[in-house]
Amino acid sequence: MNYEDLKATNFIEEIIIEDLKSGKHKSICTRFPPEPNGYLHIGHAKSICLNFGLAEKFGGRCNLRFDDTNPEKEDTEYVESIKNDVRWLGFSWGEKEFYASDYFEKMYEWAVELIKKGKAYVCHLSPEEMRKYRGTLNEPGIESPYRNRSVEENLLMFEKMKNGEFEEGEAVLRAKIDMSSPNINMRDPVMYRIIKSNHHRTGDKWCIYPSYDWAHGNEDSIEGVTHSICTLEFEDHRPLYDWFLDQLGVYHSRQIEFARLNLTYTVMSKRKLLKLVQEKYVSGWDDPRMPTISGLRRRGYTPESIKAFAEKIGVSKSNSTVEYSLLEYCIREDLNKRAQRCMVVLDPIKLIITNYPENHIEYLEAINNPEDESKGKRKIIFSRELFVERDDFREVPDPNFFRLTPGKEVRLQHAYYVTCKGFKKDDEGNVIEIYCEYDPDSRGGWSSDGRKVKGTIHWVDAKASIDVELRMYDHLFTKENPDDVEEGEDFTKNINTNSLVLKNGKGELFLLETDEVHFQFLRVGYFKKDEDSKDGKLIFNKTVGLKDSYNKKGK
RNA sequence: UGGGGUGUAGCCAAGUUGGUAAGGCAGCGGGUUUUGGUCCCGCCAUUUCGGGGGUUCGAGUCCUCCCGCCCCAGCCA
């Protein structure tokens, strides 16, 4: 690889290019290290795209590593979902995935080594005492009475910890650093704590588990990770990350921090997402309103759109909140090029063509994707009675309305010009039928006299159509920042009760025949066929609406 | 009154020997159009880079003081 030609697109790439040019590294190794305690979300996707993307760009590798150091919170269900999501995004991680738990033995040996060097000790302070001894942000901490035990005693005690001779909370292994450090992370941090629960991979083999700070650098070192990329909140931990590796004298990776993703109208913390699931605000981790990768997938987002999004938001160190509209732009951009077009009427109202023969049908041609000729055409049945969108008719139109209204001519997409001649109302004054006359010479939607018709609307044949369920999704929260609440309230206060609205629409027969899953329902939006669909009943999730300059302008 | 970060348009974000503010999204205006979609064109920081001083012929870039915001006191990660 010719490093001279490489251009950095962010500060991390700059660092990498420097390291490559200087010869510090011949090739790079990054890693994506999720804890399997929840489902991946769009914020993780940013990290995945960054880490795997870097490896691809610079010809290195990226390890998928499960940071499974806390058996109380972790589960194989999460491991499987994570692998599935990373794979779906289009990344591969070589021969096998890595697990922190595979290094427990090695980390134990290294801990013993630190004890022998007088750099770690077993402490019996209770959690409450330890908090008091730690001091505060402004005051230094106090040294533990166990801090200066002999190496022999520490070795013995650590052995006992490992053998389960202490109960949870009775002892921890601590690094001996500096209780008066202005960086609280350096005030003799915990390296091992006792957790007597079953680990999803090591079972009951261990009852002591390494803490994040102790484990993470070790994992990176063992795997030969050159650039260990994490989020901003770990900046304060870097001195500790470095300290452990320096004491051990082992291969030393470089930790680099970047700003995590925040998105308007959504929450991103695992705790909050878990609450949404557990308290049934949503149907599950893959509810299409969730910002999880599985949720976005079910909603109809594609891997390409998510990667494009990650590309566009960039990578920096400043806290930021990206507008949701950028994500929507990315999926529209992708689907516009690829999605099968189809006509579906969300809120049907009958339209009768009074001058069209009864008991007669004809087949019309419709283009599958105007952005892609190769997608070909399909046939649509047309007859005297159709369904059109209730919203495409106005008894009394505003000046900018150029759809169906008495006396006006519009084009039925792919079909004919029709002129509205009247309508019928029920006792309550609701329009229930619209009457039109068609121009037989306008078949296909053209007229030979060159007359212009401003409005074009979609339709389906009244008989040759199917019922479809449409799940119309909107933001899960009503506020850009869901955490913007009064004292004593939490983010669930801002849940959008209209984030899911069900509609029963009418769709082309074609929907039954095709294997496509992503659609653009003409003039409405992008939809994805949902897995809940059954033979007789098709269900579609609204991925995102089309841009609408009519409704936006406020009629 | 501790430590670590960060501050360029409504939102992201380039800007690296100081040389006269990229790009994208959003928004606005117009054109094309058998989707009010797409596409195309134009506008959108020049009393300007959080603010004040300073160095310099010249400062977003250097110095200095100040301000705002974020993170840290788990035996979570």
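The structure displayed is predicted, hence computed values, not measured ones. Order of the sequence lines fixes the chain letters, A, B, ..., with proteins taken first and strands second; residue numbering starts at 1 for each chain.
Residue A:S316 is in sugar-phosphate contact alone, with no base atom involved, counting any heavy-atom pair closer than 4.0 Å across all strands shown. If you check every strand for non-hydrogen atoms under 4.0 Å, A:V172 touches a base. Note on A:L125: a base of the nucleic acid sits closer than 4.0 angstrom, heavy atoms only. At a threshold of 4.0 angstrom between heavy atoms, the contacts of A:H237 include nucleobase atoms, whether or not backbone atoms are also involved. Counting non-hydrogen atoms under 4.0 angstrom, A:Q520 reaches a base of the nucleic acid. Contact annotation for A:L522: base contact, defined as any heavy-atom pair under 4.0 Å involving a base atom. At a threshold of 4.0 angstrom between heavy atoms, the contacts of A:E257 with the nucleic acid are absent. A:F234 comes within 4.0 angstrom of a nucleotide base, judged by non-hydrogen atoms across all strands.
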Distances for protein N or O near nucleotides 23-27 of chain B N or O, under 3.5 Å:
| unit_1 | atom_1 | unit_2 | atom_2 | d |
| --- | --- | --- | --- | --- |
| B:rC25 | OP1 | A:Y329 | OH | 3.1 |
| B:rG27 | OP1 | A:K552 | NZ | 2.4 |

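Considering only heavy atoms from C-beta on, A:R238 comes within 4.5 Å of A:E257 through its side chain.
Nucleotides B:rC28 and B:rG51 have their P atoms positioned 29 Å apart, rounded to a whole Å. Comparing the same atom, P, in B:rG15 and in B:rU1 gives a spacing of 34 Å after rounding to whole Å. A distance of about 24 Å separates the P atoms of B:rC70 and B:rC75, rounded to the whole Å. Of the C1' atoms belonging to B:rG2 and B:rU64, the separation is 23 Å, rounded to the nearest Å. B:rG10 sits 11 Å from B:rU46 when the P atoms are compared, rounded to a whole Å. Rounded to the nearest Å, the gap between the C1' atom of B:rA13 and that of B:rC25 is 11 Å. A distance of about 42 Å separates the P atoms of B:rA26 and B:rC66, rounded to the whole Å.
Listed by chain and residue number, A:F519, A:F527, A:F540 satisfy the ring-ring contact (aromatic ring centres under 6.0 Å, His included) test with A:F521 (two or more places apart in sequence, or in another chain). Residues passing the ring-ring contact (aromatic ring centres under 6.0 Å, His included) test with A:H44, sequence neighbours excluded: A:H41. Under the rule for a ring-ring contact (aromatic ring centres under 6.0 Å, His included), A:H458 has no partner lying at least two apart in sequence or in another chain. Remark: A:Y39 pairs with A:Y78, A:W285 by the ring-ring contact (aromatic ring centres under 6.0 Å, His included) rule, at least two apart or across chains.
The number of heavy atoms from other shown groups lying within 6.0 Å of CD (A:E311) does not exceed 12. Heavy atoms of other residues, nucleotides or ligands lying less than 6.0 angstrom from NZ of A:K454 number 12 at most.
Evaluation of A:Y212 against the base of B:rA77 yields no stacking contact (centre distance < 5.5 Å, interplanar angle < 30° required).
Taking side-chain N and O atoms only, A:R523 has a distance below 4.0 Å to OP1 or OP2 of B:rG36.
When distances run from any side-chain atom of A:S318 to the nucleotides B:rC70, B:rU35, B:rG7, the shortest one goes to B:rG7. The side chain of A:N336 approaches B:rU38 more closely than any other nucleotide in the set B:rU6, B:rU38, B:rA73. Listed nucleotides B:rG37, B:rC75, B:rG3 differ in distance to A:P182; the shortest reach to its side chain belongs to B:rG3. Comparing B:rU35, B:rC75, B:rG2 against the side chain of A:N138 picks out B:rG2 as the nearest.
Between the base of B:rG36 and the side chain of A:D548 there is no donor-acceptor pair shorter than 3.5 Å. Side-chain atoms of A:R403 and base atoms of B:rG36 include a donor and an acceptor less than 3.5 Å apart.
For the ring pair (Phe, Tyr, Trp, His ring centres under 6.0 Å) condition, the pairs that include at least one residue of residues 161-191 of chain A, sequence neighbours left out, are A:H124-A:F166. Within the structure, salt bridge (charged side-chain N to carboxylate O under 4.0 Å, His left out) contacts touching residues 319-336 of chain A (residues at least two apart or in different chains) are A:D334-A:R338.
For the contact set between residues 367-379 of chain A and RNA chain B, defined by any heavy atom under 4.0 Å, the members are A:P370, A:E371.
B:rA73 atom C1' lies 9 Å from atom CG of A:N185, rounded to whole Å.
Residue A:S228 forms a side-chain hydrogen bond (donor to acceptor under 3.5 Å, both in side chains) with just one option from A:Q255, A:R254, A:R31, and that option is A:R31.
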Please output the side-chain donor-acceptor pairs of residues 130-138 of chain A that fall under 3.5 Å, not counting sequence neighbours, one pair per line with the distance.
| unit_1 | atom_1 | unit_2 | atom_2 | d |
| --- | --- | --- | --- | --- |
| A:T136 | OG1 | A:N138 | N | 3.1 |
| A:T136 | OG1 | A:E139 | N | 3.0 |

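Of the nucleotides present, none pairs with B:rA77 by Watson-Crick or G-U wobble criteria with both distances under 3.5 Å.
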